Amino acid sequence: MTLQIYNSLSRAKETFVPLHPGRVTMYVCGPTVYDDAHLGHGKTYVNFDIVVRYLRYLGYDVLYVQNITDVGHLLDSGQDRMLKGAQREHVHPMQLAEEYTYRYFRDMDRLNVGRPSISPRASGHIPEMIAWVQQLLASGHAYEVNGSVYFDVRSFEGYGKLSGRRTDEAMSGTRVQVLDEKRDAADFALWKRADPEHIMRWPSPWGEGFPGWHIECTVMATKYLGQPFDIHGGGLDNKFPHHECEIAQAEAATGHPFARYWLHNGMLMISGEEMHKSAGNFVTLAQALDEWEPLVIRTFILQGHYRNPLDLTHEALLAAQKGWGRLMDVVRLVRHRLPTAPAGDVSSDLAARLEEARRAFEASMDDDLNSAGALAAMFDLTRDVNTLLNASAPLSQTDLQAIDALYGRLLGDVLGIMPATLEVEAHVGLSDGLIRLLVDTRSSLRQARQWAAADAIRDGLQALGVQLKDGPDGTTWTVQ
RNA sequence: GGCGACGUAGCCAAGUGGCAAGGCAGAGGUCUGCAAAACCUUCACCAUCGGUUCGAAUCCGAUCGUCGCCUCCA
């Protein structure tokens, strides 16, 4: 069984074979840190986190680079997003970058998204970008006008191979105001002259200015990963023009291919519409993570396929919450039984069932990272494990350990939706002791058939977010 | 206008030629002192119309609808 991934460049699923055996080099376009991350960022970076995690599960040594854009990403108005954000908050642009970079990682940490191996900042790579632009000028793929440098799209015949777009089409009816100084409307900026009020500026051979948006990814990806490198990921909305431009700059300058596999993930929708500030359906990740258990949001994202758009509704999140709870409950119960379970070997039936689940999980993941199918395999397993846990013959300690280990590996390490410790284990200390005391008291009351008092304790704890579940081997509880 | 994606149960969502995964909700049942949880059973004319094929949700064409991109986007 081998990993197949859909390559946007070939528009087909391909068997994934890294350039160097055992090693994978991967780049994903990171955020522009001028504002809080929103739910859409959550989907994108969870989607690519899964790619990294699964590659590591398969045994690859993954070098994962994700940039931080802190310069050169312009608004419609031509204003730099960073400068606009800095004005809004009355801070220096680099202060803004620092603050939102911090918040970005804070939110991603909560979503259990693994940190990239390297998080290079655009503003820290200006000399490399200038060198790259010089190389493009020297090879005739770029031209300078009034202190700005543009990429000559007509000089690179491969332009459009990723997005399937020709340069001479669709120029009417767009929002572009064509700059007079460009030779062709499709040409894009590599370096821009800074107006006097533009405070993010660096000296260059063409005067003071700042880099174009696309150049940073080309430069930083190749600097840390080489050229070509294995995987380039990003949101579908960046396929054109951003990724198309990255390819043009990279391949025109060096003559080598840029990225070998291009992965694009589908956009997050809110009740049927793409999230936009202007649409009034903008939800920051921090808000969502306060309202919902972060791993529930993650589970919701993983119940769809990364390449498809995903429609977020309150109902859908509730469904994910219930489903996630089921998965966590079975692990909780397994761990609860563990200390008192009889010794013994793993039963062959159980071993076979666990192996079947692992195979089904891998088969789905191997098929273009189908996390929804992988989750389905775990739900199927969960039903059977619950049946075994309900059966009169108790599972042995080794049985329970084997189950726990598989969930930890697949739901914990690969999908990242299981915390290392579940609530019951996490709440050691006074509150845990108090709950235990109440539960024990209630057990005594139940033995004395004092139902009303026993139910009062159960209802009272329920109101505090502690749910009791009576089972044949005692009472377990979960904390909301 | 150009390019592209999608339309699967009440909701979310896999599945891209061989009897339609999974989660949630609903109905009935088992278990329980009562619950909860769990388990069992049940719940789909795959947008429409044509075509190709022994066989189509899946391939082709048309229609309707939704959405995205077209130099701001994760």
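Here is how names work: the chains are called A, B, and so on, in the same order as the sequence lines, proteins then strands, and each is numbered from 1. Treat the numbers as computed from the prediction; the structure is a model and nothing was measured.
For B:C11 and B:A44, the C1' atoms lie 14 Å apart once the distance is rounded to whole Å. Across the P atoms, B:A62 and B:C19 are found 29 Å apart, a figure rounded to whole Å. Between the C1' atoms of B:G29 and B:C67, the separation comes to 43 Å (whole Å). Taking the C1' atoms as reference points, B:A9 lies 15 Å from B:G15, given to the whole Å. Straight-line distance between the P atoms of B:C54 and B:C49: roughly 23 Å, to the nearest whole Å. The gap from the C1' atom of B:G26 to that of B:G18 amounts to 32 Å, rounded to the nearest Å. Between B:U63 and B:G4, the two P atoms lie 16 Å apart (nearest whole Å). Separation of the C1' atoms belonging to B:U8 and B:A57 is 7 Å when rounded to the nearest angstrom.
A salt bridge links A:Asp470 with A:Arg442; the closest basic N to acidic carboxylate O contact falls under 4.0 Å. Comment: A:Asp70 engages A:Arg121 in a salt bridge, judged by a side-chain N to carboxylate O separation of less than 4.0 angstrom. A salt bridge does not link A:Asp109 with A:Arg106: every distance from a Lys NZ or Arg NE/NH1/NH2 to an Asp or Glu carboxylate oxygen is 4.0 Å or more. With respect to the salt-bridge test (charged N to carboxylate O, under 4.0 angstrom), the residues A:Glu356 and A:Arg359 do not qualify. Under the 4.0 Å criterion applied to side-chain N and carboxylate O atoms, A:Asp187 and A:Arg154 are not assigned as salt-bridge partners.
Base pairing annotation: B:C49 forms a Watson-Crick or G-U wobble pair with B:G61, both donor-acceptor distances under 3.5 Å. Using Watson-Crick or G-U wobble geometry with both donor-acceptor distances under 3.5 Å, B:U30 finds its partner in B:A38. Pair check for B:A9 finds none; no Watson-Crick or G-U wobble contact set falls under 3.5 Å. Remark: B:C69 base-pairs with B:G2. Criterion, Watson-Crick or G-U wobble with two distances under 3.5 Å.
For A:Trp451 and B:G33, the ring-to-base geometry satisfies the stacking test (centroid distance below 5.5 Å, interplanar angle below 30°).
Side-chain atoms of A:Asn370 stay outside donor-acceptor range of the base of B:G15, with no qualifying N/O pair under 3.5 Å.
When only modelled atom types and interatomic distance are considered, A:Asp399 and A:Ser396 share a side-chain donor-acceptor pair under 3.5 Å. With no hydrogens or angles considered, no side-chain donor-acceptor pair links A:Thr313 and A:Asp311 at under 3.5 Å. If you check the side chains of A:Glu246 and A:Tyr27, you find no donor sitting under 3.5 Å from an acceptor.
We find that CG of A:Asp237 is positioned 16 Å from C1' of B:C3, with the value rounded to whole Å. Remark: C1' of B:A74 and CG of A:Asp36 are 15 Å apart, rounded to the nearest angstrom. If you measure from atom CG of A:Asp311 to atom P of B:G65, you get 20 Å, rounded to the nearest angstrom. Distance CD (A:Gln321) to P (B:C12): 18 Å, rounded to an integer number of Å. The CG-C1' distance, from A:Leu445 to B:G33, rounds to 13 Å in whole Å. The separation between A:Phe361 atom CZ and B:A21 atom P is 20 Å, rounded to whole Å.
A:Gly304 comes within contact range of the sugar-phosphate backbone alone, with a heavy-atom separation under 4.0 Å but no base atom that close. Heavy atoms of A:Leu389 sit nowhere under 4.0 angstrom from any nucleic acid atom. Counting non-hydrogen atoms under 4.0 angstrom, A:His242 reaches nothing in the nucleic acid. If you check every strand for non-hydrogen atoms under 4.0 Å, A:Leu236 touches nothing.
Of the candidates B:U71, B:C67, B:C12, B:C67 carries the atom nearest the A:Met269 side chain, counting heavy atoms from C-beta on. Here the nucleotide nearest the side chain of A:His305, chosen from B:A21, B:U71, B:A14, is B:A14. Across B:C34, B:A74, B:A13, the shortest atom-to-atom separation from the side chain of A:Asp455 is found for B:C34.
The ring-ring contact (aromatic ring centres under 6.0 Å, His included) test applied to A:Phe300 returns no partner, not counting sequence neighbours.
Nearer to the 5' terminus of RNA chain B, by closest-nucleotide assignment, is the contact made by A:Asp367 (compared with the other of A:Leu268 and A:Asp367). Mapping A:Asn238 and A:Ala452 onto RNA chain B via the closest heavy atom, the residue that lands nearer the 5' end is A:Ala452.
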Can you tabulate the close N/O pairs, meaning under 3.5 Å, that link protein atoms to atoms of nucleotides 4-11 of chain B?
from, atom 1, to, atom 2, distance (Å)
B:C11, O2', A:Glu315, OE1, 3.3

Nucleotide-resolved protein contact map, nucleotides 35-44 of chain B, B/S/- at heavy-atom distance under 4.0 Å: BBSSSS----
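The environment of A:Glu157 atom CD is sparse: at most 12 non-hydrogen atoms of other residues, nucleotides or ligands sit within 6.0 angstrom.
Centroid-to-centroid, the aromatic rings of A:His336 and A:Trp477 stay 6.0 Å apart or farther. Centroid-to-centroid, the aromatic rings of A:Tyr54 and A:Tyr57 come within less than 6.0 Å.
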